[in-house]
Q: 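Please see the structure below; I have some questions.
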Amino acid sequence: MKFIQIVFSPTGGTQKVVDTIMTSWDPSFERIDLSDANKDFNEIQLQKEDVALIAVPSFGGRVPELAISRLKEIHGNGAMSVLVCVYGNRAYEDTLVELQDTAEQCGFQTIAAVAAIAEHSIMHQYATGRPDEKDKEELHQFAKQILEKIHTNPSGWTTANIPGNHPYKKAGSTPLIPKADKNCNSCGICAEKCPAQAIDLNNPKETNSKKCISCMRCVSICPQSARKVNGALVAMAALAIKKACSERKNNELYY
């Protein structure tokens with residue numbers, strides 16, 4: 001049995017959740033980064049006895065389209081999958097069920113799923129500092145329960161009963177496109193690391209708004225803090241979801 005991470009985590013929040021879960025399992029896991037624009041995912045073949053932890057953030061209640069397209073190239077070959085969606089304390093809506101549908105199309109068998117909270121990647125006042133110690137304790141417990149299920153009945157798994165809708169909710173669009181300011185020195189780190197290849201490698205101050213998925217990786221990794229989104233638009237968006245984000249949401253386990 002081999003444990004494998006398949007993760008799309010542009011700003012690191014989803015990765016924090018995944019790493020917390022995996023510390024309760026096998027430390028010698030393989031990591032597949034769905035944000036790597038240069039990776040040939042079609043060459044990835046899992047074995048039936050493998051356990052894949054497939055994790056994505058929720059973008060407006062859906063799986064990021066880029067993550068879906070890359071996941072679809074991977075060959076599950078009957079491997080077990082534990083699905084994780086991470087959201088910024090508003091709602092994850094159809095993210096988990098869409099991830100389940102895609103994983104099973106790729107040949108994975110879903111045995112468990114987790115919805116977890118991490119600090120919002122754009123509006124940092126929501127779920128600030130999460131996953132916190134309480135979250136980590138809970139995620140460790142989830143991991144133990146899932147591992148017990150795997151070991152107790154390895155040949156008779158049941159599919160997790162995951163909430164969601166068919167058809168999925170309409171994917172929302174966002175005008176929050178990061179732009180470079182006067183502090184940009186054209187170092188090119190943002191262009192090299194952009195999951196969507198939306199930033200010009202030859203002129204990092206230029207962003208293709210049609211390719212940009214508003215994942216905020218460029219904002220989070222810029223050493224000059226030179227990439228920003230429109231503050232007025234962020235304030236409006238934060239106000240629109242304030243009520244939904246006002247109470248602390250709990251992590252959830254389905255297995």
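Excluded from the calculations below are hydrogen atoms, water molecules and symmetry mates; all remaining heavy atoms, backbone and side chain alike, are included.
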Q: When the ring centroid of Phe29 is compared with that of Phe3, is the distance short of 6.0 Å?
A: no
Q: side-chain hydrogen bond (donor to acceptor under 3.5 Å, both in side chains) between Thr11 and Ser220: does it pass, once the steps are laid out?
A: CA-CA 6 Å; Thr11 59; Ser220 68; 5.6 Å; no
Q: Does NZ in Lys193 sit with more than 12 non-hydrogen atoms of other residues, nucleotides or ligands closer than 6.0 Å?
A: no
Q: Looking at Phe142, is its backbone amide N or carbonyl O close enough to the side chain of Tyr255 to form a donor-acceptor pair, meaning the two atoms are under 3.5 Å apart?
A: no
Q: Kindly indicate, with the supporting measurements, whether the criterion side-chain contact (heavy atoms from CB on, under 4.5 Å) is fulfilled by Lys136 and Asp19.
A: CA-CA 10 Å; Lys136 291 176 182 178; Asp19 288 343; over 6 Å; no
Q: With side-chain contact (heavy atoms from CB on, under 4.5 Å) as the test, pick out the partner of Val84 among Ile6, Thr14, Leu53, Val7.
A: Leu53
Q: Set out, in order, the CA-CA distance, both residues' side-chain angles and the distance that settles side-chain contact (heavy atoms from CB on, under 4.5 Å) for Phe108 and Leu46, then state yes or no.
A: CA-CA 9 Å; Phe108 291 97; Leu46 280 79; 3.6 Å; yes
Q: Looking at every non-hydrogen atom in both residues, tell me the closest pair between Arg90 and Glu93 and how far apart they are.
A: NH2-OE1, 2.7 Å
Q: If we ignore hydrogens and angles and just use 3.5 Å, is the side chain of Asn203 paired with the main-chain N or O of Asp200 as donor and acceptor?
A: no
Q: Should the pair Asp33-Lys39 be classified as a salt bridge under the 4.0 Å nitrogen-to-oxygen rule?
A: no
Q: Any donor and acceptor pair, going by atom type alone, linking the side chain of Asn230 with main-chain N or O of Leu176 inside 3.5 Å?
A: no
Q: State which residue, out of Leu96, Asp101, Thr95, fulfils the side-chain contact (heavy atoms from CB on, under 4.5 Å) condition with Ile162.
A: Leu96
Q: Kindly say whether Gly60 contributes a backbone atom to a donor-acceptor pair with the side chain of Lys169 at under 3.5 angstrom?
A: yes
Q: Do other residues, nucleotides or ligands put more than 12 heavy atoms under 6.0 Å from Lys249 NZ?
A: yes
Q: Decide if atom CD of Glu73 counts as having more than 12 heavy atoms of other residues, nucleotides or ligands within a radius under 6.0 Å.
A: yes
Q: Check the surroundings of atom CD in Glu43: do more than 12 heavy atoms from other residues, nucleotides or ligands lie under 6.0 Å from it?
A: yes
Q: Under the side-chain contact (heavy atoms from CB on, under 4.5 Å) rule, what do Asn77 and Lys48 come out as? Steps first, then yes or no, please.
A: CA-CA 6 Å; Asn77 297 320; Lys48 188 172 183 179; over 6 Å; no
Q: Is Arg248 salt-bridged to Asp135, going by a charged N under 4.0 Å from an acidic O?
A: yes
Q: Checking the side chain of Glu98 only, and the main-chain atoms of Val63 only, is there a donor and an acceptor separated by less than 3.5 Å?
A: yes
Q: Can you give me the closest heavy-atom contact between Asp181 and Lys228, atom names plus distance?
A: OD2-NZ, 3.0 Å
Q: Would one find more than 12 heavy atoms of other residues, nucleotides or ligands at under 6.0 Å from atom CD of Glu65?
A: no
Q: Using atom types as modelled and distance alone, determine if a side-chain donor or acceptor of Asn89 lies under 3.5 Å from a backbone N or O of Glu247.
A: yes
Q: Between the side chain of Glu49 and the main-chain N/O of Met1, is any donor-acceptor distance below 3.5 Å?
A: no
